[in-house]
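Since the structure is predicted, the reported quantities are computational estimates derived from the model, not experimental observations.
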Amino acid sequence: MTTAQTQELDVQPTPLALLLLGREADPTSERGVDCPGDLPSPSDPDLVARARAAKEKLGDKVFVLGHHYQRDEVIQFADVTGDSFKLARDAAARPEAEYIVFCGVHFMAESADILTSDEQKVVLPDLAAGCSMADMATAEQVAECWDVLTEAGIAEQVVPVSYMNSSADIKAFTGKHGGTICTSSNAERALDWAFEQGEKVLFLPDQHLGRNTAVRDIGMSLEDCVVYNPHRPNGGLTAEELRGAKMILWRGHCSVHGRFSLDSVNDVRERIPGVNVLVHPECKHEVVAAADHVGSTEYIIKTLEAAPAGSKWAIGTELNLVRRLANRFAAEDKEVVFLDKTVCFCSTMNRIDLPHLVWALESLAEGTLVNRIEVDKETEAFAKLALERMLALP
């Protein structure tokens, strides 16, 4: 829709809509700001050749990381692929690489900067590539939450556990307050550790992963969980509710995984008899409860790799990955479909496209450092402390 059309309809595009269209910046959010410079045209027929030439010119000076949810046009240039934490560790294991080009989103690049050396420079091809979930918990909101817990007399009993999908500021808060980071693969271990340290957990920022891990994996009840809403006074909770809870879940979610519903599960079972439903633990609790298999992105891939020929799978995760898996396993006579009928990509992850990657690589090849992601030293120190606690989990 053009600006003229929106004016005719008396409709004003929201700041978020403009941001997703690449026409505005949001310097206060985890997404950062949009990238400077002139991008190559998406219709340029030489984009692939240009990316390849720039990468070859840089040689061992550059290491390109590609998250599983990235477009195929970008993934083809990745030296390694994986989830966010695996990629950050891969970057740290390549100290000879001067430039780490992270094809992912903002919080992932921050994690890479935290784990790599000071000599390495982390580049995000589009600074507006962010994570809506990470944006749902700001440092100011979490500090206010801690004040609420203090006023309720329970802060000393609470151990923060923050999902990897959070900003460096939230990771630093977690480290400063004796907590740990978790991934979707080790969330159960992180919660077991946290409950050895204290009586309650503040789980940030994804309520669904926190709830699913607490109830499905460690045997709590839904009544043990309350949801803290940062947009309501005292989180929308009474002091008594906070004192009675074991899991204080931040009101955040993944915009992609949160769209899957129980109706999606029931519908796919009706359409495809014998289908196996495999979902990510960021999905809603009722979806996870109705699924046959639940696990991280890496778990999803390994499950399909081990599946027998002729099996049928409905996958509840980001569409770029599902489509890639469907193509990969079709040759093995495994049917892989998207759990929902409606197509849904991660809009911010998809901001990293071939023109942005070409622009970043060519700039680096010409000696111009662009879109560097750099976490300040104090934040880095506390965030690294939280990450190190995770790495020390049994």
Side-chain angles (χ1 to χ4, degrees), residues 66-75 78 81-87 103-105 108 131-133 163-165 183-188 206 208-209 211-213 216-217 253-350:
H67 190 271
H68 285 308
Y69 297 166
Q70 286 290 296
R71 305 163 182 252
D72 287 345
E73 66 185 49
V74 170
I75 281 290
T81 59
D83 60 19
S84 59
F85 184 59
K86 174 184 179 296
L87 293 176
C103 298
V105 294
M108 299 178 186
C131 172
S132 58
M133 180 199 295
Y163 190 20
M164 181 63 68
N165 298 27
T183 68
S184 52
S185 298
N186 67 11
E188 181 179 359
D206 180 24
H208 300 307
L209 178 62
R211 183 183 294 106
N212 289 328
T213 306
R216 182 178 182 273
D217 297 330
H253 66 275
C254 170
S255 58
V256 171
H257 292 110
R259 68 170 291 106
F260 298 114
S261 66
L262 186 57
D263 286 342
S264 303
V265 177
N266 294 334
D267 177 73
V268 80
R269 291 196 191 281
E270 185 176 334
R271 287 188 290 113
I272 308 175
V275 72
N276 296 280
V277 177
L278 171 57
V279 303
H280 195 281
E282 290 176 20
C283 293
K284 298 172 184 174
H285 181 67
E286 58 266 29
V287 173
V288 165
D292 300 300
H293 306 272
V294 181
S296 66
T297 303
E298 296 293 339
Y299 172 87
I300 289 171
I301 295 170
K302 290 177 181 177
T303 299
L304 290 176
E305 287 175 341
S311 56
K312 303 173 183 179
W313 297 85
I315 312 298
T317 193
E318 206 273 342
L319 184 56
N320 272 317
L321 175 60
V322 176
R323 189 170 58 184
R324 193 173 299 125
L325 294 173
N327 292 333
R328 173 184 171 186
F329 292 111
E332 300 177 22
D333 192 28
K334 301 173 189 179
E335 181 181 353
V336 177
V337 301
F338 191 56
L339 178 57
D340 198 6
K341 283 183 176 180
T342 305
V343 171
C344 183
F345 295 98
C346 176
S347 58
T348 48
M349 186 77 76
N350 268 265

> Do the rings of Phe260 and His257 sit parallel, tilted or perpendicular, given the 30° and 60° boundaries?
Replying inline: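 Tilted.
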For [X] and [Y], which heavy atoms make the closest approach, and how far apart are they?
X      : Y      : result
Cys131 : Val105 : CB-CG2, 4.2 Å
Ser311 : Asn276 : CB-ND2, 4.4 Å
Met133 : His253 : CB-O, 3.4 Å

> Picking from Leu339, Ile300, Val277, Thr303, what satisfies side chain to side chain contact (heavy atoms under 4.5 Å, CB included) with Ile315?
Replying inline: Ile300
>> Hydrogens and angles aside, do Tyr299 and Ser184 bring a side-chain donor and acceptor to less than 3.5 Å of each other?
In response: no
>> Is it the case that the side chains of Ser264 and Asp267 hold a donor-acceptor pair, with the cut-off being a distance below 3.5 Å and no angle test?
In response: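 Per modelled atom types, Asp267 and Ser264 side chains form no pair under 3.5 Å.
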>> Do the side chains of Asp292 and Arg269 get close enough for a salt bridge, i.e. N-O under 4.0 angstrom?
In response: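 Salt bridge flag = yes for Arg269 with Asp292.
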> Taking NZ, NE, NH1 and NH2 as the nitrogens, is one of them in Lys334 or Glu332 under 4.0 Å from a carboxylate oxygen of the other?
Replying inline: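 Looking at Glu332 together with Lys334, the answer is yes, because their closest N to O distance falls below 4.0 Å.
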>> Holding to side-chain contact (heavy atoms from CB on, under 4.5 Å), I want the full list of residues that pass it with Asp72, two or more places apart in sequence or in another chain.
In response: Arg324
>> Is it the case that the side chain of Lys341 and the backbone of Val268 share a donor-acceptor pair, with hydrogens and angles ignored and the cut-off at 3.5 Å?
In response: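 No, because the side chain of Lys341 does not come within donor-acceptor range (under 3.5 Å) of the backbone of Val268.
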> Mind checking what makes ring-ring contact (aromatic ring centres under 6.0 Å, His included) contact with Tyr163, not counting sequence neighbours?
Replying inline: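 Applying ring-ring contact (aromatic ring centres under 6.0 Å, His included) to Tyr163 gives none.
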